[in-house]
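Worksheet for the structure shown next.
Note that the structure is predicted; figures quoted are calculated from it, not measured. We number each residue from 1, following the sequence as shown. Read the numbers this way: they start at 1 and go in the same order the structure lists the ligands and their atoms.
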Amino acid sequence: MMLPKPFQDSCERLLGAESTRLFEALETASPTSIRFNPYKLSEQPEGRRVPWSRYGYYLDERPQFTLDPLFHGGAYYVQEPSSMFVEHVFRSVMGDDSAPLRVLDLCAAPGGKTTLLATLAGLESTVVANEVIRPRSLALADNVRRWGLGNVVVTNNDPDHFAGFRDWFDFVLVDAPCSGEGMFRKDPAARAEWSESGVALCAARQRRILQSVWPSLRPGGMLVYSTCTFNTAENEDNVRWMTDEFDCEGVDIPVDGGWGIVCGEAAGIPTFRFYPHRLDGEGFFAAVLRKADGRAHEQTPRPRKATLAALSRKAVAPVAGWVAQPDYMRFASVGDQVYGYYTTAYDSVAALAGSLNVVASGIRMGQVFGTTLRPEHPLALFHDLARHSEAGGPNDSLRKALSDAGLSPDVTPVSQPRHKGVVPDRFVTMPEVELQLSDAQDYLRKKEVDAALFDEGVNLVCYAGLPIGWAKRIGARVNNMYPKELRILNL
Ligand code: SAM
């Protein structure tokens with residue numbers, strides 16, 4: 001499909017003769033890239049890195065990610081390279097070791113930047129991933145569960161609903177809904193849906209979103225505004241509008257000249273543009289604003305509902321042993337389910353759950369029957385699940401599986417076993433069953449799996465050392481506990 005003429009005109013105004021190179025690039029194939037989960041795998045020492053990301057890599061081909069158990073186990077996320085610039089921004093403005101932070105990803109689905117921010121902010125931080133469209137918030141929650149860090153709260157709210165959280169967040173990302181010009185080669189629907197009036201509507205909506213969320217940023221806090229579109233109405237013009245409306249200053253981000261990013265400014269605020277003819281990634285725009293210093297009047301809304309019920313000491317006993325570092329966690333029940341949270345985040349989660357529509361939070365561990373926990377799927381994917389000492393360490397089969405999937409020549413899990421030798425009594429560790437690729441795919445399709453592979457009772461199902469779910473063997477039968485709604489359909 002042809003590029004819309006008014007779009008071409010606006011690019012010519014922006015880029016002059018260079019615009020023809022942009023139009024040519026928009027007719028080429030998009031690069032394929034993934035970002036590793038460093039809590040499940042260590043960095044890849046070889047391969048072509050996305051220059052502005054520690055964890056991002058280009059792939060030569062596009063494998064069928066849906067059939068890869070490592071994807072379902074949260075070992076990596078498929079993300080377009082330019083978006084990974086948020087990693088470089090976060091590191092530049094917040095440093096590597098600033099936890100615990102309160103981070104808001106306001107327009108978060110499907111979760112590319114959420115999983116990135118959760119990784120960077122650290123386990124002791126609270127990352128709120130909000131998505132206003134309900135079905136998209138559910139897909140976001142699935143991706144957050146796969147990632148398995150336990151430091152994210154997924155909410156399904158209008159940006160206005162954050163108004164009660166005044167001066168509360170240290171870092172806010174507004175990755176705004178936009179006209180999507182930067183996705184024209186990746187997503188043909190974006191071309192078909194584009195119109196000049198759509199651009200104006202998007203720009204106005206972006207300003208409403210920014211206006212709603214600005215009071216939630218604490219004085220001195222950072223707001224990143226990003227879009228995946230080229231036109232100035234949704235980018236520089238909105239940055240200028242923010243400098244008129246808000247008491248803020250721009251933040252410069254050091255950028256390597258060889259990366260191909262176009263650095264500019266709007267009303268003195270540094271801006272960063274990504275063009276597919278200048279670098280290996282889609283169209284993207286970002287600017288960082290720092291809220292002026294001042295006294296913070298931190299406020300949270302009065303809770304409308306009782307939410308988390310902290311577990312008593314006695315009730316904690318059957319659940320704490322399932323995680324490797326229970327001393328850093330607090331456990332609570334919501335209805336009949338038990339959840340685990342990092343202690344530093346607990347009060348923030350309770351405040352959020354009191355007034356927002358929480359779709360997922362922390363780690364849903366399962367239901368307690370007497371003195372036993374029946375584990376739920378998110379617990380299997382938790383990066384800090386208690387495991388046998390011989391499991392979870394560097395694993396040759398994981399390396400081979402990644403390379404077979406065309407993903408990586410050499411990757412090892414990052415977390416070394418914490419309990420070498422004897423597992424302390426208080427840890428609950430399930431037998432682990434290691435499935436070969438086709439068995440693992442059958443498990444993910446929720447098909448029957450061979451009972452002979454399993455021990456009696458609940459087993460942690462792994463592929464190449466990476467947990468992908470639970471299964472319970474009762475005699476000759478195996479109850480495949482993989483959630484029905486997540487099963488992969490026959491491909
Ligand atoms: N940050 C996401 C990621 O990296 O995976 C992509 C976000 S996408 C560019 C913008 C999101 O904003 C979409 O999920 C969309 O549903 C949501 N959205 C749409 N209208 C909105 C509104 N009025 N307020 C807030 N978010 C909105």
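Between D175 and ligand 1, an N or O atom pair is found at a separation short of 3.5 Å. Between D105 and ligand 1, no N or O atom pair is found at a separation short of 3.5 Å. For ligand 1, one of its N or O atoms has an N or O atom of R136 under 3.5 Å away. Considering backbone and side-chain N/O atoms, P159 never comes within less than 3.5 Å of an N/O atom of ligand 1. On a distance-only criterion, I209 and ligand 1 share no N/O pair closer than 3.5 Å. In terms of polar-atom proximity, L106 is not counted as a contact of ligand 1, lacking any N or O under 3.5 Å from an N or O of the ligand.
Checked by atom type, the side-chain pair D160/S212 shows a donor-acceptor distance below 3.5 Å. With hydrogens and angles left out, the side-chain atoms of T115 and N37 include no donor and acceptor closer than 3.5 Å. With no hydrogens or angles considered, no side-chain donor-acceptor pair links Y339 and S361 at under 3.5 Å.
For A176, every heavy-atom contact with ligand 1 shorter than 4.0 Å involves the backbone, none the side chain. Contact annotation: for Q79 versus ligand 1, there are no heavy atoms closer than 4.0 Å. With a 4.0 Å heavy-atom cut-off, ligand 1 is reached by no atom of R208.
In this structure, the salt bridge (Lys or Arg N to Asp or Glu O under 4.0 Å) partners of R290, at least two apart in sequence or on a different chain, are E249, D293. Annotation: side chain to side chain contact (heavy atoms under 4.5 Å, CB included) contacts of T232 (sequence neighbours excluded): L14, E236, D237, R273.
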Carefully, step by step, assess R13 and D9 under the rule salt bridge (Lys or Arg N to Asp or Glu O under 4.0 Å).
CA-CA 6 Å; R13 283 193 296 278; D9 294 343; 5.4 Å; no
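For atom 7 (C) of ligand 1, the nearest non-hydrogen atom from the set A109, G112, C202 comes from A109. With distances taken over non-hydrogen atoms, the option nearest atom 20 (N) of ligand 1 out of P177, C107, A129, G111 is P177. Nearest-residue assignment for atom 27 (C) of ligand 1 (options V174, N157, V132, L173; heavy-atom criterion): V132.
Ligand 1 lies within reach of A108, whose nearest heavy atom is under 4.0 Å from it.
Nearest protein heavy-atom contact of atom 4 (O) of ligand 1 is K113 NZ, 3.0 Å. From the protein, the heavy atom lying nearest to atom 23 (N) of ligand 1 is R205 CD, 3.7 Å.
Annotation for ligand 1: atoms under 4.0 Å from non-hydrogen atoms of E131 are 11 (C), 13 (C), 14 (O), 15 (C), 16 (O), 17 (C). Interface of I133 with ligand 1, defined as ligand atoms under 4.0 Å from a residue heavy atom, comprises 16 (O).
Only one option out of F246, W168, F165 pairs with W214 in a ring pair (Phe, Tyr, Trp, His ring centres under 6.0 Å); it is F246. Of the listed residues (T229, T227, N238, N235), just one forms a side chain to side chain donor-acceptor pair (under 3.5 Å) with Q206, and that residue is N238. For the pairing with K291, the side-chain contact (heavy atoms from CB on, under 4.5 Å) check across L223, D247, D167, V172 returns one residue only, D167.
Expressed to the nearest 0.5 Å, how far OG of S226 lies from NZ of K113 amounts to 5.5 Å.
Ring orientation note: the planes of H383 and Y342 are tilted relative to one another, at an angle of 30° to 60°.
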